[in-house]
Amino acid sequence: MNATNNNPIIAVKDLTIRFGGHAAVDQVSLEVMPFTLKSIIGPNGAGKTTFFNLLSGQYKPTGGKVFLKGKDITNLSAPMRCRLGLGRSFQLTNIFPLLTVLENVRLAIQARKGYGFNFWRHYLHFSACEDEAYQILKEVLLDEKWLYPANLLTHGEQRKLEMAILMALKPEILFLDEPTAGMSQEEVPAILEILERIKSMGDKTILLVEHKMDMIMNLSDSIAVLQDGRLIADSDPETIYRSKEVQEAYLGGGAKRE
Amino acid sequence: MNDAVLKADNLQTYIGHHHILQGISFEARADAVTVLIGRNGAGKSTTLKTLMGLLPPSEGVIVYNGMNIQGKRPYEIARMGIGYVPEDMGIFADLTVEENFKVAKLKEDEATAGRLDRILELFGALGKFWHAPAGNLSGGQKQMLAIGRAMVNNISLLLIDEPSKGLAPIIVEALIEAINQIKEECVVVLVEQNFYMASAVGDYFHILDDGRIVHSGRMEALVDDEELKSRYLGISKSKS
Amino acid sequence: AEPIKIGIIQGLSGPLEIYGKAEVTGFKMGLEYFTKGTNQINGRDVTLVIEDTQLQAARAKMLLTKLYSDDKVDLAIGPTSSGVALAVLPVARDFKKILIVEPAVADSITGKDWNRYVFRTGRNSSQDAISNAAAVAKPGVSIACIGQDYAFGRDGIAAYKEAAEKLGAKIVHEEYCDPKGTDFVAPIQRIIEAMKDLPEPKFVWVIWAGKGGPIPQLISAGLDKYGIEITSGGNVLAALKMMKPLDGMQGATYYYYENPKNPVNDWLVEEHFKRFGDPPDFFTCGGFAAAGAVVKAITAAGSTDTEKLIAAMEGMEFMTPKGTMKFRKEDHQALQTMFAFKLKVDPDVEWAIPVLTRELTMDETAPPIANKK
Amino acid sequence: MLRREQRKKRYYSIGFVLPCLVLALFVLIPFLGPSYKTLDLALKIIIFASLVASFDIMLGYTGILSFGHGMFFGIGAYCVAFLNGKYGDPTYFHLFLGLLLAVAVACVLALIVSLISLRVKAIFFAMITLALAELTIVLANKLSHFTGGEDGISISLPGIFSAAFSPGSFLGLDISGRVITYYFILLACLGLFALMLRFTHSPLGRVLQAIRDNTDRAEALGYKTFYFQTLSIVLGCTVAAMTGGLYAMWVGYVNPESTLEVMAIMLNVLLMVIIGGMGTLYGGIVGAAFLLITQTFLPDLQKLAIDLFPNASLLHTILERWLLLFGILFILVVIFFPKGVVGSAREFIARARGEAFFSS
Amino acid sequence: MTETILKRWDNELVIAGIAVLLLLPLFGMPPKTYLTLTIAGLAMGMLLFLVASGVSIILGLMDVLNFAHGALFAWGAYVGFSTFKLLEKWVQADSVLLNFGAFAAAIICAMTVVAVLGMVLERVIVRRVYGNHLFQILITFGATIVLVEMIRVIWGPNDDVMSVPLTFQGNWDVFDVIIDRYRIICILIGALVFGAVQLILKKTKLGLIVRAGVENRDMVQAMGHNIFLLFTGVFAVGAGLAALGGLAMSIFSLQVYPDMGSTYLLFAFIVVIIGGLGSVTGSLVGALIVGLSYNYVAYLVPWAAAGVNIIIMIIILLIRPKGLFTAGK
Ligand SMILES: Nc1ncnc2c1ncn2[C@@H]1O[C@H](COP(=O)(O)OP(=O)(O)OP(=O)(O)O)[C@@H](O)[C@H]1O
Ligand SMILES: Nc1ncnc2c1ncn2[C@@H]1O[C@H](COP(=O)(O)OP(=O)(O)OP(=O)(O)O)[C@@H](O)[C@H]1O
Ligand SMILES: [Mg+2]
Ligand SMILES: [Mg+2]
């Protein structure tokens with residue numbers, strides 16, 4: 001790989017958040033090397049989504065720090081972090097329900113290009129935006145439904161749209177929270193392919209939360225395991241897969257499947 | 001006992017102006033798990049909603065335990081002992097986990113309490129967040145709550161929409177176990193994308209495509225039928 | 001000959017609709033009476049164009065413009081509420097046509113917002129206040145005033161104060177309350193504290209426009225314990241019903257059907273009972289008076305030309321159910337008799353009866369002239 | 001490419017021709033309708049259409065329900081009234097200054113309102129804005145030395161706008177100050193409308209729609225929603241103040257009851273938005289026209305009935321209570337036109353063209 | 001769990017803070033006046049609570065903004081008015097028993113008639129606009145117009161005087177503090193209603209089901225609850241409470257008039273908003289705050305009285321954007 005840089009692109013130190021008395025993320029320290037794909041796994045409620053929320057700025061931590069390329073971003077707001085290149089998808093579908101599919105994606109591109117505050121020109125004049133949005137929809141196999149309001153999509157399609165919005169943001173770092181949950185078996189490969197392609201371009205860093213072990217094993221450069229908010233392992237896929245602790249806490253018999 | 005407990009015949013359902021279900025007919029037998037599979041947008045969820053009375057079909061008959069329940073209101077159907085887990089989980093986010101269960105419980109008796117204990121054993125996390133607002137649960141925990149809620153009553157038919165999504169493998173295993181247990185007492189109709197789970201619990205399958213059933217049979221047959229799997233489910237051997 | 005056209009704008013729907021409707025009834029009856037049933041003035045038929053302001057200033061303004069420009073009415077009468085009246089005054093000026101304001105009461109209509117096309121048959125709030133003062137004020141009397149905290153209340157109390165002090169009474173306390181208030185305990189407490197140690201006779205004068213008002217709570221606050229009496233203006237019959245617990249209260253009123261003794265009123269009361277089964281009220285009388293003014297003015301001017309009418313009307317005396325009224329030359333306000341009363345409760349009558357104690361003459365109740373800047 | 005052409009075509013066909021026709025109608029009305037009632041009605045439709053559109057920017061496009069909108073309308077009216085009634089003379093300069101003042105005050109006030117109110121959400125926002133509006137009414141009544149209290153302020157207009165001005169006639173139409181004021185206001189509202197159209201059809205407008213739909217998601221895309229919401233409020237309120245100023249010019253009188261009575265104005269505006277269709281801007285015209293026309297002519301129905309059926313006394317009693325009919329109409333409209341006339345029409349056209357779905 | 005405890009604490013802190021604030025005026029007036037004002041304010045607060053309780057329940061449980069509350073309120077007053085008219089003898093009688101008989105009859109008639117009206121309203125129009133505040137505002141406002149006009153048709157457009165049983169008039173003079181009898185009755189009724197509503201919400205799962213139904217109607221139905229019936233029921237109860245409020249208020253102010261509801265509607269909403277949606281306790285506290293602070297301010301700084309409710313509401317919302325109490329959230 002062309003990783004010229006050996007400093008971690010994201011580093012978190014003793015990151016903690018408490019909701020009332022409960023520590024959803026507890027003293028997690030972790031580094032992500034640039035241009036790699038790191039998976040985060042763990043039982044339900046382990047704190048994966050919360051961890052993402054902390055990185056993308058949806059939540060403010062109770063303690064600890066987040067660094068992006070060595071810079072402390074702990075106190076930046078979500079939109080600011082988004083502009084710095086942190087993009088995320090949501091575990092539970094989070095789209096603009098009444099806008100068309102195309103518009104959903106176009107808005108993301110517009111946000112990236114930063115002319116949200118432009119109010120002098122008709123939005124259709126920014127045609128490059130629309131073309132690009134359409135292109136992305138093609139990639140995630142949603143181009144036929146570009147004129148549908150997003151709330152009329154089925155569950156699986158909404159997941160794909162979520163993915164498309166993220167791709168439109170072209171973030172340097174992608175956080176993917178269970179991108180394939182609810183997607184039909186037939187379509188998972190398409191998403192996998194997208195991920196693989198993004199990965200092979202070699203200029204993106206990806207953090208992935210998934211429960212589909214085969215997918216994780218195929219894609220990941222490294223895997224971190226969370227349990228009860230704590231980081232219990234962080235290593236290469238093989239080691240994790242063999243680790244007894246992980247087997248017991250997370251995989252159960254499911255590891256044997258397919 | 002191999003009678004059809006639930007029988008759907010020629011269901012036609014419209015949503016707005018869209019003809020979504022275009023003649024769905026199938027049966028669900030006692031002691032068995034019937035799995036509906038198919039690609040996104042095939043109409044699986046719509047089928048369950050139609051059965052539940054949430055989307056009244058414009059045509060067709062639904063017979064349950066020898067009674068025509070087509071046209072009945074959802075709450076009447078539910079009171080006949082039918083549990084339902086929707087794909088968006090239908091959590092009451094402002095209510096606590098406890099209150100979610102309270103709303104779900106139709107009776108307060110010992111049997112219900114026993115079932116609740118079993119559910120909490122199966123999904124340990126729920127007990128831990130008993131008094132927390134359900135909206136704060138993690139994705140998987142919500143899914144657990146949705147399933148648990150549906151099973152707390154004495155039901156004889158369970159309609160579940162994609163229960164395994166978002167659940168950790170170890171929980172999926174437990175869920176498979178649980179479904180295999182309850183199918184003794186209760187008919188299960190399952191919509192599932194996770195073929196592993198579908199094949200582990202399913203006895204019969206129906207493949208939906210474009211609002212129609214295009215293939216039905218016993219699950220074992222499907223597991224071995226590579227052609228069918230790759231045609232409708234996009235599962236090719238090399239990918240395993 | 002071509003008919004005389006008269007426009008009427010009143011609030012015929014909404015909260016004040018009975019007032020507006022009574023005005024219209026009164027005007028029609030007045031027209032009938034003063035034209036002796038012919039419905040003709042100077043041999044010309046009279047047609048009415050009646051419009052509903054819905055109590056909206058903008059709508060009223062449109063309607064009056066419409067009446068003057070589209071319907072070409074010779075003069076117009078109305079409207080019900082003061083806000084609406086103030087809005088439409090300039091229309092009369094712009095079209096150089098007469099507007100007889102009836103029954104809106106704001107002083108500024110014949111005060112700072114007046115123009116020479118505006119006449120008013122209705123009383124203004126100063127007249128009310130002055131006559132109320134005349135009813136109780138004399139040397140040795142202490143009075144507290146309570147009214148709404150906005151211009152109507154403040155102006156009313158100011159006029160009252162001036163009149164009362166002129167008559168030798170002392171205003172010891174002024175209380176302005178929240179115009180929309182429902183709980184008057186606090187103001188009443190303040191009044192009690194201001195007055196409890198004063199020698200009798202002592203009064204609290206209530207001036208309140210619109211619904212509600214502090215009277216019921218004044219009654220139940222035990223003012224009698226401190227020897228404080230309530231005094232207030234008379235009101236429409238519906239409001240007099242609420243004054244039943246105020247047996248013996250003194251005040252002054254614009255109209256009560258049993259008080260004025262003259263043939264016009266006798267006819268009005270009799271006919272009204274005959275036709276509607278109930279007595280005429282404030283606003284029936286008001287409409288009737290306006291009709292009196294119109295008939296007399298057109299007859300005297302001999303035409304409906306505005307200038308001639310103005311010339312005829314300035315200083316004109318005309319008959320109304322309240323007796324003779326007179327348009328004052330300077331501000332076109334009709335000077336009129338008011339009626340001091342003492343309430344009497346009769347179990348067979350639904351409302352408290354304001355028994356006449358004294359007629360206050362038009363000069364006695366004449367308000368100050370306020371239209372010179 | 002293809003789909004963009006499609007969109008453009010749609011934009012130019014119905015979205016263009018129809019408004020032009022409506023505009024032409026409004027231009028011709030002084031020539032068509034000889035009566036003042038018609039002129040007044042047309043003008044009120046124009047003003048309220050602009051007011052409704054400005055409200056729509058906040059409600060339909062940004063998803064902010066504010067009950068304070070009527071307050072801005074009133075404040076605009078008062079600004080003009082101050083400078084052309086109480087504290088100024090009827091000169092063009094004062095008129096211009098009054099309108100400018102309306103804009104300036106509205107801008108500042110809208111900024112303050114968004115700063116304090118945007119902290120609270122949804123119904124709470126609605127209530128807090130309503131509270132602020134009620135407070136202005138209380139103040140307007142209280143500070144009667146400054147505002148004229150409930151007696152209000154009468155306005156006189158300069159030169160060519162004044163009612164007395166009448167230079168002659170043109171094509172059979174008496175040119176009077178009224179007519180000139182009519183055209184002036186029409187022109188001003190046209191400008192406001194153009195501004196709002198440009199605004200909503202710009203990328204910024206699109207972001208507003210996104211915020212309406214899902215505020216959190218917009219935030220996660222990198223839009224600082226607070227700024228966008230503030231901007232939308234400021235624009236909406238400023239336009240409202242402008243329309244208020246124009247309204248004051250036309251009516252020539254302001255008082256708290258008629259120009260500030262927030263609930264009454266707001267309910268009318270809300271209903272107009274709904275009838276016309278939320279998030280359509282043009283809907284304002286339809287909504288305003290519908291509501292004002294019914295309100296103007298429903299009371300006349302009784303007179304008509306008395307003329308036509310002099311003996312049907314039951315009918316008379318019913319029609320006398322025209323508000324009852326109005327209320328029923330009100331309910332029916334909300335039930336049967338949830339998307340409004342313009343919204344429903346757009347959907348219908350889209351379906352007729354065989355497009356599966358359509359969105360604004 | 002600590003969280004819930006913290007929340008509890010939170011609410012107690014709120015109450016303590018309010019109590020301190022309400023004691024402050026004691027330094028600005030004679031104690032006797034303070035007592036008079038406080039008792040009157042409490043009664044006014046209870047009256048406002050009665051007026052607001054219907055709004056509170058309908059908004060808190062069903063998330064419906066019922067602008068027709070004012071009209072239902074007026075209907076309650078008018079039905080009570082007619083009942084008193086019918087039972088004129090009882091009303092005029094110099095017997096506490098008969099007086100209360102008339103009062104009870106008026107309450108029962110007003111509440112039943114208006115509850116039925118509420119049911120019709122829910123069935124015919126409100127049902128169509130669940131989940132959409134905007135449409136709720138509009139449609140219930142349309143209903144208001146219709147209901148108020150119906151009052152004008154049935155009872156005529158005039159104001160009327162409420163003839164009130166003698167027992168409820170007059171006052172007690174307790175150590176020089178004058179206490180209005182009717183105000184004490186209001187306090188009692190308010191407390192009673194509060195208790196009953198609390199009991200129903202706390203001891204049954206009705207409240208839970210309705211709240212769940214607001215979030216996801218389909219799901220509650222799929223759990224075997226006839227949510228529409230429940231909604232109708234809750235709406236009817238809310239309407240009934242509106243009627244009670246209307247009756248109580250009209251006896252207090254001794255008058256009825258067709259659009260009397262609009263005067264109190266804003267109050268009701270202010271009270272509910274201050275208290276926090278869904279919390280009946282909140283509404284009670286909100287109502288008491290409004291009732292008391294109005295009196296104190298009106299005594300100490302009369303010119304500020306007109307805006308005091310509004311300013312209180314704004315301040316409270318700025319400090320606690322969701323109102324004082326947030327039920328179960
Ligand atoms: N806003 C919140 N308030 C209180 N508790 C919360 C909140 N958000 C999350 N939690 C709790 O924090 C824990 C971690 O939740 P999180 O969503 O991060 O889990 P997860 O690892 O993503 O699980 P899953 O795989 O099920 O999605 C959960 O137990 C959850 O109940
Ligand atoms: N509200 C709606 N309006 C119009 N069409 C709808 C609506 N809801 C669903 N559809 C359409 O109905 C079809 C079937 O939807 P359904 O949700 O049953 O699919 P599904 O098989 O459950 O898909 P998934 O696996 O993605 O959940 C889809 O094509 C979808 O576009
Ligand atoms: Mg998660
Ligand atoms: Mg589905």
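By convention in this document, chain letters (A, B, ...) are assigned in the order of the sequence lines, proteins followed by strands, and residues within each chain are numbered from 1.
The environment of NZ in B/K102 is sparse: at most 12 heavy-atom neighbours from other residues, nucleotides or ligands sit within 6.0 Å. Heavy atoms of other residues, nucleotides or ligands lying less than 6.0 angstrom from CD of A/Q27 number more than 12. By the neighbour-count criterion of 12 heavy atoms within 6.0 Å, atom CD of B/E220 is densely surrounded, having more than that number from other residues, nucleotides or ligands.
Using a 4.5 Å heavy-atom cutoff, the side chains of A/D228 and B/K128 are in contact.
Highest contact tally toward chain B, considering only A/G45, A/G47, A/P43, is held by A/G45 [criterion: heavy-atom pairs under 4.5 Å]. Note on B/L167, B/L137, B/I171, B/D161: by heavy-atom pairs under 4.5 Å with chain A, the leading option is B/L167. Top candidate by heavy-atom pairs under 4.5 Å with chain A, chosen from B/M89, B/E192, B/Q141, is B/Q141.
Using a 4.5 Å cut-off between heavy atoms, A/K48 makes no contact with chain B at all. Interface remark: B/M144 contributes side-chain atoms only to the contact with chain A (heavy atom separation under 4.5 Å).
At distances below 3.5 Å, at least one donor-acceptor pair connects side-chain atoms of A/N44 with backbone N or O atoms of B/A168.
Here B/R39 contributes atom CZ and A/E157 contributes atom CD; the two are 11.5 Å apart, rounded to the nearest 0.5 Å.
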